[in-house]
Amino acid sequence: YERTFIAIKPDGTERRLVGEIIGRFEKKGFKLVGIKILHPTPEQAAKHYDDLKSKPFFDGLVKYFSSGAVVCMVWEGKDVVKTGRKLIGETNPALSVPGSIRGDLCIEVGRNIIHGSDSTQSANDEITLWFGETEVT
Ligand code: ATP
Ligand code: MG
């Protein structure tokens, strides 16, 4: 089965949305195979979003992602990369349909509560970045 990397960003954790978000992935039918909570360093955040380093919002993004506790997860299931992104919604919460996580639970693109890998390749890279081999089941 396919795997993806999902992270609840500092605002999602601060707003106590961890249970809500995990519940949505579980109810859909995906299986949680790795989970931990940590406060990322700016270096870890920059590495995670390395592909966006030329964007004008990059510095703010690194600050945001390293501003508090992040819940790092690996989820498994059929088409979980693509379907996980559907559960999450669009990058901009204003464009996310109600029923999606961002569509229901946030307002600002710069505080959009959750990350999901955008391809199987980036999923593999991100799982390797955030998890050791013995930390996933
Ligand atoms: P993520 O990678 O976090 O799942 P995404 O894949 O939907 O989000 P990306 O283009 O990868 O979107 O952007 C990464 C993150 O950068 C966004 O989730 C958001 O937090 C932030 N971001 C993107 N565009 C903007 C913007 N125009 N202004 C501020 N922040 C932005
Ligand atoms: Mg992305």
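Only a predicted model underlies this, so the values are computations on that prediction, with no experimental measurement involved. Every number for a ligand or one of its atoms is a count from 1 in the order of the listing.
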Legend entry - 4.0 Å heavy-atom contact, Y49 with ligand 1: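 Checking ligand 1 against Y49, which is what was asked, there is a heavy-atom contact under 4.0 Å.
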
Legend entry - E126 heavy atom under 4.0 Å from ligand 1: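 It does not; every heavy atom stays at 4.0 Å or beyond.
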
What is the closest protein heavy atom to [atom], and at what distance does it sit?
atom: atom 8 (O) of ligand 1; answer: R102 NH2, 3.4 Å
atom: atom 5 (P) of ligand 1; answer: T91 OG1, 3.5 Å
atom: atom 1 (P) of ligand 1; answer: H115 ND1, 3.2 Å

Legend entry - Flag side-chain contact, heavy atom, 4.5 Å: T4 against V74: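 Counting from C-beta outward, T4 and V74 never come under 4.5 Å.
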
Legend entry - K47/D50 salt bridge by N-O under 4.0 Å criterion: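 A salt bridge is absent here (no side-chain N lies under 4.0 Å from a carboxylate O).
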
Inset, instruction - Run the numbers for me: atoms of ligand 1, each under 4.0 Å from some heavy atom of N112, listed by number. - result: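 Listed by number with element, the hits are 17 (C), 18 (O), 19 (C), 20 (O).
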
Legend entry - Per-atom contacts of ligand 1 with G116, taking only distances under 4.0 Å to non-hydrogen atoms: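 Atoms satisfying the 4.0 Å criterion: 4 (O).
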
Looking only at side-chain N and O atoms, does [Y] offer a donor or acceptor that is under 3.5 Å from a partner on [X]?
X: D79; Y: T83; answer: no
X: S117; Y: E126; answer: yes
X: Q121; Y: D125; answer: yes

Inset, instruction - Determine, for F131 and K36, whether the Lys NZ or Arg CZ falls below 6.0 Å from the six-membered ring centre while staying within 45 degrees of the axis. - result: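 Yes, a cation-pi geometry.
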
Inset, instruction - With ring pair (Phe, Tyr, Trp, His ring centres under 6.0 Å) as the test, would you mind laying out the steps for F30 and W75 before giving the verdict? - result: CA-CA 6 Å; F30 294 127; W75 286 89; 7.3 Å; no

Inset, instruction - Report the part of H48 in contact with ligand 1, treating N, CA, C, O as backbone and CB onward as side chain, heavy atoms under 4.0 Å; options are side chain, backbone, both, neither. - result: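 Within the 4.0 Å criterion, H48 makes no contact with ligand 1.
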
Inset, instruction - Determine whether the side chain, the backbone, both or neither of L61 has a heavy atom under 4.0 Å from any heavy atom of ligand 1. - result: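 Within the 4.0 Å criterion, L61 contacts ligand 1 through side-chain atoms alone.
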
Legend entry - R15 (side chain) donor-acceptor with L105 (main chain) under 3.5 angstrom: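 Side chain of R15 to backbone of L105, a donor-acceptor pair under 3.5 Å: yes, one is there.
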
Between [X] and ligand 1, does any nitrogen or oxygen pair lie at a separation below 3.5 Å?
X: R85; result: yes
X: F57; result: no
X: K9; result: yes

Legend entry - Joint hydrophobic cluster, I37 plus F65, side-chain heavy atoms closer than 4.5 Å: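 As far as the 4.5 Å side-chain criterion goes, F65 and I37 are not connected within one cluster.
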
Legend entry - From the candidates V109, I114, L52, the one that places a heavy atom nearest atom 10 (O) of ligand 1: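 Nearest heavy atom to atom 10 (O) of ligand 1 lies in L52.
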
